[in-house]
Amino acid sequence: MDESNPLRAERLRKLEAWRQRGIDPYPTRFARTHLAQQLHELFRDLPAGADSQTRAALAGRITARRLMGGATFLDLRDGSGRIQLYATADLLKPEEYELFTQVDIGDFLGVEGLVFRTRRGELSIKTEKFTILAKALRPLPEKWHGLQDVEIRYRQRYLDLIANESARRIAVMRSRIVSAMRRFLDSEGFLEVETPILQPLYGGAAAKPFTTYHNALEMTLYLRISDELYLKRLIVGGLEKVYEIGKDFRNEGISTKHNPEFTQMECYWAYADYNDMMALTERMIAQIAREVLGSTRILYQGHEIDLSPPWRRLTLREAILAESGLDIEKHSTLEELRAEILRRKLQIDLQPTWGKQVDELLKVFVEPKLIQPTFILDYPVELSPLAKKKPGNPKVVERFEPFIGGMEFGNAFSELNDPIDQRERFLAQEALRRAGDEEAQVLDEDFLIALEYGMPPTGGLGIGIDRLTMILTDAPSIREVILFPTLRPRGETL
RNA sequence: GGGCCGUUAGCUCAGUGGUAGAGCAUCUGCCUUUUAAGCAGAGGGUCGGAGGUUCGAUCCCUCCACGGCCUACCA
């Protein structure tokens, strides 16, 4: 909005007029006695037209005005809900009543008065005293349709939160999801820890990093792409159950499922394997749903989904075989796999390696079908340089990814704790990197040294908090569950 | 990166190759239990930006900016 906007100029005019009358439009504090929601609960049984015995002091933002001449109604919204304010020319001094009628939608007001219910049944405050707590200079979005413009909703999330109940709901739900997850992990005996976000070497995932520079140390640092390698160092150190909830950063494209910075929970559990992590995952997600939604049955994008354990378990090979007819075990080289894809005329892009081709088959043919909670297990070793090989099958690792609603939202494995094998895997990744794979992992000598001191058998799990929130709030885009999603900056003033 | 769509008043949206429309919001007047309050009136626009075609462009064309969806990238 332009600085010279007449709506803003009008509000500035009011602000000045109030100041000239000795009113401070931005005072420091206001003592509340109640929240709106408390009053609705306390006076649920107060009949229409009746006064209560209670005087209450409330504060919040004015969201609607109904001026009737000698009487004025304002809607006040606080963090808990909405309540109506009522004032008349009889109850207030003339200059006070006039000021009450001049309050704009968007202004913050503190008010004190008797709680009563109007003839039409609306619980209200009979205003005896009121204070301007903050003058708003810009008009709020329109009251019927709320704020629709997605660009404004993302760029100025505060307006989205003011105007749209769904935005408030998602923000609150996300907080409760994270909180419930913490409670669950704490109760399971996990220790919450923090590991570096600025790292001299990045690792733990196949992704391109963001790069930055530390002036005093004169060194390049990377924003972490995962927490994994540091958390496993803690397992080496004897912290047997650890977790971290925090931001990871991946320098890649943006989509409805990807934001360059996203929140992940990673946990590591000594003496456990990926079967234990599967059981942990399904119990945790079901528990979070019960706490946050009151049920393990959810609706996601039109699908009824039951989150109660046990979830379906399906090997990657079985899943691809079922959905594409292709047996990746029989076609165990890139050439054979490609030949079979072409022979079957499968609609899929060809990939540079066997592992990536298998991953593509999963993504195209299997993932969209995984509506009900499903663990896909046993991934190709070349896609999983940090996971332990499956006993008896050196081409496959003990790894799973959980899917709900056709979306992957995590990753887990029996952690590789053999330092010799780990070094070989890193070296294989280095070879891929030299061959042009920018996302191949880099060898982390410090991590290898840690493993050489001995790491117990360990199960590890990562859960994408943003995607989990999408699933539990029925959000179609990751931008709906991230308060401030990454957007290209806008040149012009708001 | 590619394709498609969008951008009109503070907000939500109509609309046309010939001087720009509605509702809400704002302002003025009336109105003392209203609640999408009501009634009467008024103001408010570089029609995203820059070029082009045309007697004339908000509309047609090109480029640009931003956004959305799909796709690619990304376990």
Side-chain angles (χ1 to χ4, degrees), chain A residues 1-2 4-11 13-14 48-51 63-75 82 84-92 97 102 104-106 116-124 126 137-155 159 162-163 204-208 225-226 250-260 262 316 349 355-356 358-360 362-363 367 376 379-380 382-387 399-401 403 408-413 438-439 441 462 464 476-477 479 485 487-492 494:
Chain A
M1 185 171 73
D2 196 271
S4 63
N5 183 287
L7 299 178
R8 185 168 180 275
E10 177 60 28
R11 283 162 179 254
R13 192 186 61 70
K14 278 187 188 170
D51 285 357
T63 56
R65 283 206 304 172
R66 292 174 291 281
L67 279 70
M68 319 243 333
T72 292
F73 298 90
L74 302 180
D75 285 351
R82 188 197 74 94
Q84 177 171 267
L85 309 182
Y86 170 70
T88 68
D90 299 337
L91 289 166
L92 294 173
Y97 181 72
Q102 285 177 0
D104 282 318
I105 291 171
F116 77 111
R117 197 177 288 282
T118 64
R119 291 202 282 263
R120 303 286 280 271
E122 176 90 19
L123 194 70
S124 307
K126 215 169 265 183
L137 296 181
R138 295 178 186 235
L140 255 35
E142 188 241 9
K143 62 183 174 185
W144 295 358
H145 310 87
L147 179 65
Q148 301 294 330
D149 186 317
V150 287
E151 196 170 343
I152 299 176
R153 288 185 46 232
Y154 296 160
R155 287 187 195 282
L159 293 179
I162 292 166
K208 284 173 266 184
I225 58 173
S226 96
R250 297 185 185 174
N251 207 337
E252 57 200 30
I254 293 174
S255 79
T256 48
K257 292 179 187 172
H258 299 84
N259 196 64
F262 63 100
L316 181 58
D349 291 334
K356 287 191 187 237
V358 169
D359 202 35
E360 185 72 7
L362 170 67
K363 212 166 291 178
E367 184 165 359
I376 297 292
Y379 283 65
E382 60 178 291
L383 283 177
S384 317
L386 301 165
R399 170 182 174 188
F400 73 84
E401 291 183 322
F403 292 82
E408 173 215 330
F409 68 97
N411 187 19
F413 26 89
E438 285 183 89
E439 277 138 19
Q441 305 204 19
S477 166
R479 285 184 286 272
L487 295 179
R488 202 182 291 271
R490 183 131 212 185
E492 67 191 68
L494 296 169

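Being a predicted model, the structure only gives us computed values, none of them experimental. Order of the sequence lines fixes the chain letters, A, B, ..., with proteins taken first and strands second; residue numbering starts at 1 for each chain.
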Requested in this report: Would you indicate, yes or no, if B:U35 has its OP1 or OP2 atom less than 4.0 angstrom from a side-chain nitrogen or oxygen of A:Arg120?
Outcome: yes

Requested in this report: Measure from the side chain of A:Lys126, starting at C-beta and using heavy atoms only, and say which of B:G68, B:U33, B:C73 lies closest.
Outcome: B:U33

Query raised in the report: When you compare B:G56 with B:C5, how far apart are their P atoms, in angstrom units rounded to a whole number?
Result: 28 Å

Requested in this report: Quick one: label A:Gln148 by what it contacts on the DNA or RNA (base, sugar-phosphate, nothing), any heavy atom closer than 4.0 Å.
Outcome: sugar-phosphate

Report summary line: Pairing string of RNA chain B (Watson-Crick or G-U wobble, both atom distances under 3.5 Å; | = paired to other strand) is (((((((..((((....[..)))).(((((.......))))).....(((((..]....))))))))))))....

Query raised in the report: What interatomic distance, in whole Å, is found between C1' of B:U8 and the corresponding atom of B:A20?
Result: 9 Å

Report summary line: Given protein heavy atoms under 4.0 Å, the one-letter contact record of nucleotides 21-31 of chain B, with B base, S sugar-phosphate only and - none, is simply --BBSSS---B

Query - Integer angstrom distance from the C1' of B:A65 to that of B:C73 - result: 23 Å

Query raised in the report: Do A:Gln84 and B:U34 share a donor-acceptor pair, side chain to base, under 3.5 Å?
Result: yes

Report summary line: With sequence neighbours left out, the residues meeting side chain to side chain donor-acceptor pair (under 3.5 Å) with A:Tyr154 are A:Glu480

Requested in this report: Please name all residues satisfying ring pair (Phe, Tyr, Trp, His ring centres under 6.0 Å) with A:Phe409, sequence neighbours left out, ordered by chain then number.
Outcome: none

Report task. Rounded to whole angstrom, note down the P distance from B:G45 over to B:U53. Result -> 30 Å

Using a cut-off of under 3.5 Å, enumerate the N/O to N/O pairs linking the protein to nucleotides 1-5 of chain B.
none

Query raised in the report: So which one's nearest nucleotide on RNA chain B is more toward 5', A:Ile254 or A:Gly121?
Result: A:Gly121

Can you pull every protein N or O that's under 3.5 Å from an N or O on nucleotides 39-41 of chain B?
none

